[in-house]
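Start at 1 and go down the list; that is how both ligands and their atoms are numbered. Residue numbers start at 1 and run along the sequence shown. In what follows, every heavy atom counts, from backbone to side chain, and hydrogens, waters and symmetry copies are set aside.
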Amino acid sequence: MTTAFPVVEESSVRTSLADDISVCSQCRLCLDLCDVFPSIFAALEGVTDADPHLLTPNQQNIFSDSCFHCGACTQRCPHRGPDSEHEVDLPTTFIDLMQVRQLNGYFTVRQRITNWVLSAHDLTGPIASRCATFVNWCMQRPDTLRRRLVTAVTGISSSVHIPRISGQRFSTWFRRQPMPVASDRPQVSVFATCSVEYFSDDAARSVIGDLASRGRHCELATTRCCGAEELRAGRVRAFRKRVRRLTKLLGKESSKGPIMVMSPSCLAHLRTNLIPHCDRDLRPNAELIVDRLRSPIEVLTESTSAGTSRSLGTSDSRRSLLFLPGPHQDPSERTAIEHAIASDSTTIQVIADAGMHMGAWALRQGNEEGAHRTIKRMAKRLPTPTDAPRTVARSGLLSSQLLAHETGDDVVDPVTVLLSASSDEQ
Ligand code: SF4
Ligand code: SF4
């Protein structure tokens, strides 16, 4: 059993991590998720009786460093996650370990810079957006001299494909949109999140346009970053300060309407971590906020005639959609997508357990090979391409881009599928 906070005693964290690993029953269901479990099993082969308590601190650090914190293992493994009999949660223990390493000064200056660059989006995002042309010139082509220079300074891998930074921030675009006047219906508070605020993301803009066209008033939440990467980097104190701020700010967003979190991994992170990391006096507030958190698909299906079957385009007589739900995706979203496109001309195939999310941590130098292997495993779960045109739908900016690059498929955000089906219906 792990504790999210506070943790300062290194030996207890390391013992807790070994205990977490020791509940494994060797079913191997997790082997194709990420690099963490294969490297744990390889390391266990080298110690007496495969005893996790004999693994070295350095080995534990390597496991922790290669976790993207997607949460997929807590759903796949029969012994992990809040509903299992052991209540172990490896990603949370990894955060505890990162925090201990941070507090005990184990990171080099270079590692601290990398951890900061990958997690201080409130500062790096606005700068990157302001200098978008230059940043995209530097970052868009992997394995170039300029990318290697960036790696030398920041620790961001030179070989990973990175989504384009947008020259116009989402919040700037949003403020220029005509909005219907507020009505009796609860307003939608839009929590843009960093990936939508700073990267080019047409799907998010389409969602706002669709809601506005249906008379749904949206307002922009006065905060951008959910702090997931702060937690991932072990900057737990910074994250707890953010939680306090978030809880006060989001609690003030108007009325009792939904808070639409535009990025799926940020939504999963807030649902999981906001309450456990919140100070006791603000917990009732945090619980109310978590209750109001919604994904764009949830808001759209609440706002339209969800459950009506429609076709995904009408021109192709044999079109297939491969849908990869993300970890922690609400089952109702999957149902909404299935209902939205069920038709004679479009077949939908749900590829369950293949929709891992990757945040900025996947860009860290040293994690690029693991990210690549993870995407390759994800690609292997897709059926062999046939002559019939197909579309792959999955959310998450970085992993979608990497998957598209790996398979050559057109990878679209599921919300685009829903909107496209919806416009066909009108
Ligand atoms: S899914 Fe869980 S029990 Fe099965 S091999 Fe992986 S860690 Fe062990
Ligand atoms: S990367 Fe995802 S699946 Fe792998 S250990 Fe971390 S949280 Fe679990």
- At a 4.0 Å cut-off, with the gap strictly under it, does some heavy atom of Phe63 reach an atom of ligand 2? no
- State the atoms of ligand 1, each with its element, that fall below the 4.0 Å cut-off from a heavy-atom position in Phe41. 5 (S)
- Does the salt bridge (charged side-chain N to carboxylate O under 4.0 Å, His left out) test come out yes or no for Lys376 and Asp32, once each step is laid out? CA-CA 10 Å; Lys376 271 185 166 311; Asp32 66 344; over 6 Å; no
- Return yes when Arg76 approaches ligand 1 closer than 4.0 angstrom through a heavy atom, no otherwise. no
- ligand 2-proximal atoms of Cys67, by part, heavy-atom distance under 4.0 Å: both
- Do other residues, nucleotides or ligands put more than 12 heavy atoms under 6.0 Å from Arg283 CZ? yes
In the protein, what heavy atom is nearest to [atom], and what distance, to one decimal place, separates them?
atom	value
atom 7 (S) of ligand 2	Gly71 N, 3.2 Å
atom 4 (Fe) of ligand 2	Cys34 SG, 2.2 Å
atom 3 (S) of ligand 2	Cys73 N, 3.4 Å

- Query: On the ring face of Phe41, is Arg28 found with NZ or CZ under 6.0 Å from the centre and within 45° of the axis?
  - Reply: yes
- Query: Which atoms from ligand 2 have a heavy atom of Phe37 less than 4.0 Å away?
  - Reply: 5 (S)
- Message: Would you say atom 8 (Fe) of ligand 1 has Cys30 as a near neighbour, meaning an N/O/S atom of that residue under 2.8 Å away?
- Response: no
